[in-house]
Amino acid sequence: MRPILIVCILTISLFSTYAQEDFYKAYRQEWLQKAEDNKPQLVITEKKPVRVIDIVRDENSFQHWKIVPHSAIDSFYSTTFKKNQSTILDFKEHITGYFTFSIRPTNITPDAPLRLKFTFGEVPSELAVSFEPYTGSLSRAWLQDETVTVTALPQTITIPRRLSFRYVKIELIASPSYDFYVSDIKCNAGTSVTSVPQELAPSTEEIIKKIDQTGLATLKECMQTVYEDGPKRDQRLWIGDLYLQAMTNNYSFGQHDLTKRCLYLLAGLSHRNGYLHPCIYETPEPRGDERLFLLEYALLFNATLKDYLLATNDKQTALDLWPVAKKQLDIIYQYVDKDGLMDFARANREWWIFIDWREGLHKEVPLQGVSIFALQETYKLAQLIGKEDEVKNVPPLIKKMKSTARKKFYNKKTGFFAGTINHQVSYASQLWMILSGVATTKEAQTALLNLSHARDVSYPGTPYLYHYYIQSLINSGLHSLAKQELKKYWGGMLEKGADTFWEAYDPNDDFLSPYNFFPVNSYCHAWSCTPVYFIRKYPEIFQLK
């Protein structure tokens, strides 16, 4: 995930590094060393293409393109390439790694270089839609097309860029006078996953099993040497994705060292003022992005740390990083007024507030809710490690913020929560009022049951917000609806051909893109893996027919 524009123009008062002491100076090297100590070794598995396919136009398929089997892979290897000019190979699973191929000439002596173009795709449309002219808001270089010039034959070549794909199209774009064969195609696929999750109950519906398997595949691809948000793009650690990945890992692979590494990395690379960068780049060496500060992501670090402690009983890590969690609460303290209302207008000027990729979403109510939620999670963390006295102001602040939220945002006539600056009714507003405990169970049920047929509602644009929708349904006691909606939403991606779950998904808009160009979307994305969490944490809801 990345912002379309860097809307978080940093104010001098909050983020200037001039004459600013390093808040964690005494701890940074120790934290970074602990992060390095928990860096996993990748498991490398050789994957090979299974068949040759065609991609054809079909108005009824996802993004209007579908695959059609063409021939076995052996026929491709035994046929000279110039007879085809262009071929699409299918690995029949999503993989992340390094692509290798071999070139050998026929009996004619090569007298010039040859040039091939490789295009790698997670979904069929990436190989069918022209990338030019590029209209996206992110770097064109994220698109996975690579040109390779071969000057000497025979030769085996590995494309240096790590790739994430199921399909690869090979095109001859500079034809020599001689013919040649392409062979021995493979990908050395990598992941840090080494464990096998427990099988689901035999009574589990087949669609739930399939959703679980695809969610596991999604998480597995994103578990590299950090939890990446997407192995195709952005290939970095984001706190919001980490929160959802780590909770899913807790109930599946159980590889907690990776969570520990990520928590220490975020802490060790935080801003000098103590606030957390929303994302971390790993190469060429780990660093935070000094341009970005994302408000609710900084707060979700605290919830992630609390969940890690509950999953591992690793109290030392929680104690080490408690100063970081405590410091993030200063974000709330800066913007909450004497009545307990978050100053959305000022916070929105000084921070990036994400909530969801949905154009036009108003975020005043969700900000209040996520702030209350973070305070509650932090206080639970404090209780677990005996630090309640350091945040004794938090319980009364939570009470005040909840009371003010009800007075300001709840409309008894409509049964919905809406902002004072903008009266938009959105899923996001209802969900964060429920998850923060502002809404009563009855109010939560009324709002959730009425959302689907209310007028002019702002719907979720991503599986990220949909995760919080499913959790809200569970918290509100609407268990049957939670199962139905999980099957409908993530099952909808499966019906449209998903091998791994996607970054952005609207059942009514196959071309939805936060970046103005759908091929640059990530089709294996960390925040979409959480059906695994729900299915395995709540077996009484999801594993019983």
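Side chains are part of it too, since the values below use all heavy atoms of this structure and drop only hydrogens, waters and symmetry mates.
Counting non-hydrogen atoms of neighbouring residues, nucleotides and ligands closer than 6.0 angstrom, the CD atom of Q41 reaches no more than 12 such neighbours. Residue E132 places its CD atom among more than 12 non-hydrogen atoms of other residues, nucleotides or ligands, all under 6.0 Å distant. Within a 6.0 Å sphere centred on NZ of K169, other residues, nucleotides and ligands contribute more than 12 heavy atoms. For CG of N313, the number of neighbouring non-hydrogen atoms (other residues, nucleotides, ligands) closer than 6.0 Å is 12 at most. The environment of E46 atom CD is dense: over 12 non-hydrogen atoms of other residues, nucleotides or ligands sit within 6.0 angstrom. Atom NZ of K483 has more than 12 neighbouring heavy atoms from other residues, nucleotides or ligands inside a 6.0 Å radius.
For Y468 and W527, the ring centers sit 6.0 Å or farther from each other. Taking the six-membered ring for Trp and the full ring otherwise, the centers of Y466 and Y469 sit less than 6.0 Å from each other. Checked against the 6.0 Å centroid threshold, H94 and Y523 do not count as a close aromatic pair. Between W238 and Y281, the distance separating the two ring centers is not shorter than 6.0 angstrom. Taking the six-membered ring for Trp and the full ring otherwise, Y77 and Y181 have centroids separated by 6.0 Å or more.
Note on K487 versus E485: no salt bridge recorded, every NZ/NE/NH1/NH2 to OD/OE distance being 4.0 Å or above. Classification of R57 and E59 as a salt-bridged pair holds, one side-chain N sitting under 4.0 Å from a carboxylate O. Using a cutoff of 4.0 Å between basic side-chain nitrogens and carboxylate oxygens, R291 and D289 are scored as salt-bridged. The pair D229-R236 fails the salt-bridge criterion, with no side-chain N (NZ, NE, NH1 or NH2) lying under 4.0 Å from an Asp/Glu carboxylate O. Residues R536 and D212 are paired through a salt bridge, judged by an N-O separation under 4.0 Å between the basic side chain and the carboxylate. Salt bridge E503/K232: absent, no basic N to carboxylate O contact under 4.0 Å. A salt bridge does not link K210 with E206: every distance from a Lys NZ or Arg NE/NH1/NH2 to an Asp or Glu carboxylate oxygen is 4.0 Å or more. For D499 and K92, the salt-bridge test fails: no basic side-chain N is under 4.0 Å from an acidic carboxylate O. With respect to the salt-bridge test (charged N to carboxylate O, under 4.0 angstrom), the residues E93 and K47 qualify.
Panel note: side chain W142, backbone N521; no donor-acceptor pair is recorded below 3.5 Å. Here the side chain of Q235 pairs a donor or acceptor atom with the backbone of P231 at under 3.5 angstrom. Under the 3.5 Å distance criterion, the side-chain polar atoms of T317 are left unmatched by any main-chain donor or acceptor of D314. Not one N or O on the side chain of R166 forms a donor-acceptor pair closer than 3.5 Å with the backbone of I95. In this structure, the side chain of D90 does not engage the main chain of Y167 through any donor-acceptor pair within 3.5 Å. Between the side chain of T119 and the backbone N or O of D145 there is no donor-acceptor pair closer than 3.5 Å. With E126 contributing its side chain and E122 its backbone, the two residues share a donor-acceptor pair below 3.5 Å. Using modelled atom types, no side-chain atom of T80 and backbone atom of K82 make a donor-acceptor pair closer than 3.5 Å. Remark: side-chain polar atoms of R51 are not paired, donor with acceptor, to backbone N or O of A72 under 3.5 angstrom. In this structure, the side chain of Q543 does not engage the main chain of E540 through any donor-acceptor pair within 3.5 Å.
Ring orientation note: the planes of H277 and F293 are tilted relative to one another, at an angle of 30° to 60°. Taking the six-membered ring where the residue is Trp, F534 and F542 present tilted rings, their angle falling between 30° and 60°. Using cut-offs of 30° and 60° for the angle between ring planes, the F354 and W352 rings count as perpendicular. Between H64 and F511, the ring planes lie perpendicular to each other; the angle is over 60°, past the 30° to 60° tilted range.
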Subject >> Check against side chain to side chain donor-acceptor pair (under 3.5 Å), T96 and S164 >> reply: CA-CA 4 Å; T96 300; S164 188; 3.1 Å; yes
**OP:** Would you please test K39 and D257 for salt bridge (charged side-chain N to carboxylate O under 4.0 Å, His left out) and show each step?
**Re:** CA-CA 8 Å; K39 184 175 181 178; D257 286 355; over 6 Å; no
Subject >> side chain to side chain contact (heavy atoms under 4.5 Å, CB included) evaluation trace for C529 with C222 >> reply: CA-CA 10 Å; C529 71; C222 294; over 6 Å; no
Original post:
Hey, mind stepping through Y515 and W357 against side chain to side chain contact (heavy atoms under 4.5 Å, CB included) and telling me if it holds?
Top reply: CA-CA 10 Å; Y515 318 109; W357 282 134; 3.4 Å; yes
**OP:** Output, in order, the C-alpha distance, side-chain angles, deciding distance and verdict of side chain to side chain donor-acceptor pair (under 3.5 Å) for Y178 and D111.
**Re:** CA-CA 8 Å; Y178 55 90; D111 61 351; 5.9 Å; no
Original post:
Taking it one step at a time, do Q245 and N249 satisfy side chain to side chain donor-acceptor pair (under 3.5 Å)?
Top reply: CA-CA 6 Å; Q245 288 170 288; N249 174 64; over 6 Å; no
Original post:
Does the pair I355 and L361 meet the rule for a side chain to side chain contact (heavy atoms under 4.5 Å, CB included), with working shown?
Top reply: CA-CA 9 Å; I355 305 299; L361 174 63; 3.8 Å; yes
**OP:** Could you give me the CA-CA distance, side-chain angles and deciding distance for Y264 and D320, then say whether side chain to side chain donor-acceptor pair (under 3.5 Å) is met?
**Re:** CA-CA 9 Å; Y264 275 114; D320 283 352; 2.6 Å; yes
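Legend: residues meeting side chain to side chain contact (heavy atoms under 4.5 Å, CB included) with A128, ordered by chain and number and at least two apart, are I55, W65. Taking the side chain to side chain contact (heavy atoms under 4.5 Å, CB included) definition, one finds that R161 meets it with Q144, E146, I159, L163, sequence neighbours left out. By the side-chain hydrogen bond (donor to acceptor under 3.5 Å, both in side chains) test, D509 pairs with no residue at all, sequence neighbours left out. Among residues two or more places apart in sequence or in another chain, the side-chain hydrogen bond (donor to acceptor under 3.5 Å, both in side chains) test is passed with Q328 by none.
Side-chain contact, T225 with E282: a donor N or O sits under 3.5 Å from an acceptor N or O. No side-chain donor-acceptor contact under 3.5 Å links T312 and H256. Side-chain contact annotation: Y243 with E296, donor-acceptor N/O pair under 3.5 Å absent.
In this structure, the side chains of F253 and L219 come closer than 4.5 Å at one or more pairs of heavy atoms. Side chains of L266 and L237 form a contact here, defined as non-hydrogen atoms less than 4.5 Å apart. Using a 4.5 Å heavy-atom cutoff, the side chains of T248 and Y227 are not in contact.
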Side-chain donor-acceptor pairs under 3.5 Å in residues 147-155, sequence neighbours left out?
| residue | atom | partner | partner atom | Å |
| --- | --- | --- | --- | --- |
| T149 | OG1 | R115 | NE | 2.7 |
| T149 | OG1 | R115 | NH2 | 3.2 |
| Q155 | NE2 | A152 | O | 2.7 |

Counting only pairs under 3.5 Å, give me each side-chain donor-acceptor contact of residues 98-107, with atom names and distances, residues two or more places apart or in other chains.
| residue | atom | partner | partner atom | Å |
| --- | --- | --- | --- | --- |
| T100 | OG1 | T158 | OG1 | 2.7 |
| S102 | OG | T156 | OG1 | 2.8 |
| T106 | OG1 | D179 | O | 3.4 |

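What you find for A318 and L305 is that their closest heavy atoms are CA-CD1, 4.0 Å.
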